[in-house]
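One structure is given below, encoded as structure tokens.
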Amino acid sequence: MVIVATAISDKGLKRDGNEDQYLIDESLGLYVVCDGMGGHAAGEVAAERAIEFASEHLAKNRDLIQSAGESPDGVFRVLKVVEEAVQQASQGLNQLARSTPDFAGMGTTLTLLVVVENKGVMAHVGDSRLYLLRQAEVHQLSSDHTLANELFLSGDLTRDEANDSRYRHVLTRSIGPHEYVDVDTLLFDLIPGDRLLLCSDGLSNYFGSSSCVAKMMSKPDIIQQPDTLVDFAKQSGGADNITAIVVEVQGDATDHPAADVQKKIDCLKRIFLCEKLSVRRLMHLVAITKIIQCAAGKELVAMESGLPGMYIVLDGRFRVIDEDVIEGELAPGDCFGEASLLTEIGSTASLVAIEPSRVLLVGRREFGKLTRRLPRLGNVVLRNLARRLARRIGELQTRPINLDDTGPL
């Protein structure tokens, strides 16, 4: 897998200076965009120093980042280091603002991407953005930390009302005002052919729709793409500073371990647990799944064995056997062991592969950590899970009772 990146920053048509800053560090696989704010050039200083603080922390952990592929949880350790880097930036900027009167009140947005192995690791604060273009579809992977977007997420505004709201530029989170800041993180698979765009709101403010973004990100010449994006923002008004980093993942998708990524996403999209999940939220769930391969005749789950989580059939078929009686079959998209996402339970049946098959495992421990770390995502998936289990209980309650099996009264 080869990564190619190019970038540009422009002051736009209405500003005297440029308070945006960006960094490309190919040795770390690091890409950062910051949009500073504050008087007396403090915005420019905030953006510049935030990048400096964050990149220094990542450089100190270079060995950990570069060896991430050597252990199963290596990439998750990188995710933690990336979040620590943003916290370091916020603490450093806050201390600088308190010690220098001219810098009082300064702050910055920060959108950071680290490419490690075949994964992307995002850390994000503010309203700069990260977009992913995959198979001609564009997905916004970051969420704007603005008052208008918070009101939309809480249901107080519609999407159109939020886009037109006077609060759409009022930040609810930024780097610098406080020592600690709540950081959005995301771990996601990368596929050869993916393109990513990190940009300040001086560009994204003019994106009218996802199709508009997809059209511009699909231009064949990646080297010229940032210039094209800046020209677009200027032609649309150029009211703010404009910064864009375009990152392309190159290589042969058929020979790459990430070739199954889209299949996993498509599989999860169709199951009950992921109903009403955006692709951005779905990627959080994809990151904690594990593929298990089963040869024909292999017993995946034994009767009364403990279930580590929920299984989803990705390929192939399984027999469901209860006390040596075949109760049915599971095909691609079917799930088994939903209740084990909530508590330790033993299996009431065994699963045996009819043909060479694969399943996705959503582990209970990983699922619990994810729902606690991301409460909004947790609310959706736990509600979907509750509905599924309630429906199952309802089906059991309406099932005819065989009096011969009820035992003594």
Side-chain angles (χ1 to χ4, degrees), residues 1-5 23-33 54-55 57-59 61-86 111-124 129-135 138-143 183-198 245-268 278-291 314 360-363 366-367 369-370 373-374 377:
M1 189 169 73
V2 177
I3 305 299
V4 177
L23 171 70
I24 295 177
D25 185 338
E26 294 179 342
S27 69
L28 282 170
L30 173 64
Y31 311 90
V32 193
V33 166
S55 60
H57 184 78
L58 292 171
N61 289 274
R62 183 183 300 272
D63 290 345
L64 185 149
I65 294 171
Q66 294 179 342
S67 64
E70 297 175 8
S71 63
D73 62 344
V75 180
F76 289 96
R77 290 205 297 268
V78 173
L79 183 68
K80 183 179 179 181
V81 167
V82 166
E83 184 172 359
E84 290 171 353
V86 179
T111 301
L112 178 154
L113 172 70
V114 172
V115 176
V116 53
E117 295 296 315
N118 60 334
K119 308 283 187 182
V121 181
M122 178 198 79
H124 166 72
R129 289 184 179 177
L130 173 63
Y131 292 94
L132 167 67
L133 176 72
R134 175 176 292 166
Q135 297 179 352
V138 72
H139 310 284
Q140 184 180 331
L141 301 186
S142 59
S143 180
V183 182
D184 283 358
T185 58
L186 177 63
L187 172 64
F188 57 100
D189 293 286
L190 291 172
I191 302 173
D194 283 349
R195 275 192 183 178
L196 299 118
L197 169 65
L198 297 89
I245 301 177
V246 180
V247 181
E248 183 173 75
V249 182
Q250 298 180 350
D252 186 353
T254 59
D255 295 330
H256 199 271
D260 278 330
V261 171
Q262 194 59 43
K263 189 164 190 175
K264 288 196 287 185
I265 291 175
D266 291 340
C267 178
L268 289 172
S278 64
V279 169
R280 174 174 58 86
R281 286 181 169 175
L282 193 64
M283 284 182 170
H284 286 288
L285 202 58
V286 171
I288 66 168
T289 61
K290 180 169 66 173
I291 292 181
L314 187 62
L360 290 179
L361 172 63
V362 182
E366 294 79 8
F367 181 77
K369 289 178 182 178
L370 181 65
R373 184 167 62 87
L374 301 171
L377 170 63

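In this chain, numbering begins with 1 at the start of the sequence shown.
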Quick one: which of Leu58, Asn61, Val183, Leu113 gives a side chain to side chain contact (heavy atoms under 4.5 Å, CB included) with Val82? Leu58

Leu187, Val261, Leu141 screened by side chain to side chain contact (heavy atoms under 4.5 Å, CB included) with Met283, the one that passes: Leu141

Contact summary for [X] and [Y], nearest pair of heavy atoms:
{"X": "Pro192", "Y": "Gly251", "result": "CB-O, 3.3 Å"}
{"X": "Asp194", "Y": "Asp189", "result": "OD2-O, 4.3 Å"}
{"X": "Phe76", "Y": "Ala287", "result": "CZ-O, 3.7 Å"}

Test side chain to side chain donor-acceptor pair (under 3.5 Å) applied to [X] - qualifying residues, sequence neighbours left out:
{"X": "Thr185", "answer": "Arg373"}
{"X": "His284", "answer": "none"}
{"X": "Gln250", "answer": "Glu248"}

Euclidean distance, [Y] [atom2] relative to [X] [atom1], rounded to 0.5 Å:
{"X": "Leu198", "Y": "Leu130", "atom1": "CG", "atom2": "CG", "value": "5.0 Å"}
{"X": "Ile245", "Y": "Leu23", "atom1": "CD1", "atom2": "CG", "value": "7.5 Å"}
{"X": "Ser143", "Y": "Arg129", "atom1": "OG", "atom2": "CZ", "value": "9.0 Å"}
{"X": "Leu112", "Y": "Glu83", "atom1": "CG", "atom2": "CD", "value": "11.5 Å"}
{"X": "Leu133", "Y": "His139", "atom1": "CG", "atom2": "NE2", "value": "8.0 Å"}
{"X": "Ile291", "Y": "Lys263", "atom1": "CD1", "atom2": "NZ", "value": "9.0 Å"}

Under the side-chain contact (heavy atoms from CB on, under 4.5 Å) rule, what do Ile265 and Arg134 come out as? Steps first, then yes or no, please. CA-CA 12 Å; Ile265 291 175; Arg134 175 176 292 166; 3.6 Å; yes

Would you check if [X] and [Y] make a side-chain contact, meaning some heavy-atom pair closer than 4.5 Å?
{"X": "Arg62", "Y": "Ser27", "answer": "yes"}
{"X": "Ser55", "Y": "Leu30", "answer": "yes"}
{"X": "Val114", "Y": "Leu28", "answer": "no"}

Got a sec, which residues hit salt bridge (charged side-chain N to carboxylate O under 4.0 Å, His left out) with Asp73, two or more places apart in sequence or on another chain? Arg77

Can you list the residues that meet the salt bridge (charged side-chain N to carboxylate O under 4.0 Å, His left out) rule with Lys264, with sequence neighbours excluded? none

Could you walk me through whether Leu268 and Thr289 pass the side-chain contact (heavy atoms from CB on, under 4.5 Å) check? CA-CA 10 Å; Leu268 289 172; Thr289 61; 4.3 Å; yes

Thr111 side chain to Val33 main-chain N or O, any donor-acceptor pair under 3.5 Å? no

Kindly say whether Val86 contributes a backbone atom to a donor-acceptor pair with the side chain of His57 at under 3.5 angstrom? no

Those residues at least two apart in sequence (or on a different chain) that pass ring pair (Phe, Tyr, Trp, His ring centres under 6.0 Å) with Phe188 are none

